[in-house]
Amino acid sequence: FAAPAVRAQKNLCLMQYLVADNDLEVAITNDLLELMQSEFIASPNVQTWVYYDAHGDMHDYNEDGINEAPLSPDNGPIFLKYYHEEQDLVPVAAFGEANSDTP
C-alpha cells in the first residue's frame with residue numbers, strides 16, 4: 001500500500017523542534033531524515049524550518065550498517081531550512097554544543 005502524496009493547499013510554515021540529545025537520538029534523527037525525504041516539504045507553498053539538537057555521537061542513523069557523523073558540523077544545535085531550489089534541508093545556523101534546555 002502506497003500512501004498518496006500530500007500537498008499543502010495553502011501557504012504553510014512548518015517549524016519543528018527536535019531535541020535529540022537523549023537516548024532517543026537515533027530515532028529522532030531518523031524522523032528528521034524521513035522528513036527530509038518527504039514530498040510534503042517540497043510543496044512550493046511550504047516553508048520548513050527545523051531546530052535540531054543532538055549529542056552528535058556517531059550512529060547508524062539510516063540503519064545501513066555504517067556509523068555516520070551527526071548532521072551538525074560542530075556537534076551542537078543547528079537550524080535547518082528547506083530550500084526548494086536545492087530540494088534539501090540546509091543548515092543555516094550552528095550554535096556549538098550547549099544545553100538548549102536552558103535559556
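Side-chain atoms of L18 and D53, non-hydrogen and from C-beta on, never get closer than 4.5 Å to each other. Between K81 and V90 the shortest side-chain heavy-atom distance does not fall below 4.5 Å. Considering only heavy atoms from C-beta on, F79 stays 4.5 Å or farther from P91 through its side chain.
Between the CD atom in Q47 and the CH2 atom in W49 there is a gap of 7.5 Å [rounded to 0.5 Å]. Atoms OG and CG, from S38 and L33 in turn, are 12.0 Å apart once rounded to the nearest 0.5 Å. Atoms CD and OG1, from Q16 and T48 in turn, are 9.0 Å apart once rounded to the nearest 0.5 Å.
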Review point. Hey, mind stepping through V92 and L80 against side-chain contact (heavy atoms from CB on, under 4.5 Å) and telling me if it holds?
Key: CA-CA 6 Å; V92 293; L80 301 155; over 6 Å; no

**Study point:** Chi angles and distances behind the side-chain contact (heavy atoms from CB on, under 4.5 Å) call for I78, V50
**Key:** CA-CA 8 Å; I78 56 174; V50 177; over 6 Å; no

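The minimum heavy-atom distance linking L89 with Y82 is given by the pair CD2-N, 3.3 Å. The two residues F40 and L12 make their nearest non-hydrogen contact at CZ-CD2, 3.3 Å.
The 12-atom threshold is exceeded at CD of E86, counting heavy atoms of other residues, nucleotides or ligands nearer than 6.0 Å.
Evaluation of the ring-ring contact (aromatic ring centres under 6.0 Å, His included) rule for Y83 yields no partner, not counting sequence neighbours.
A distance-only check finds a donor-acceptor pair linking the side chain of H84 to the backbone of V46 [under 3.5 Å].
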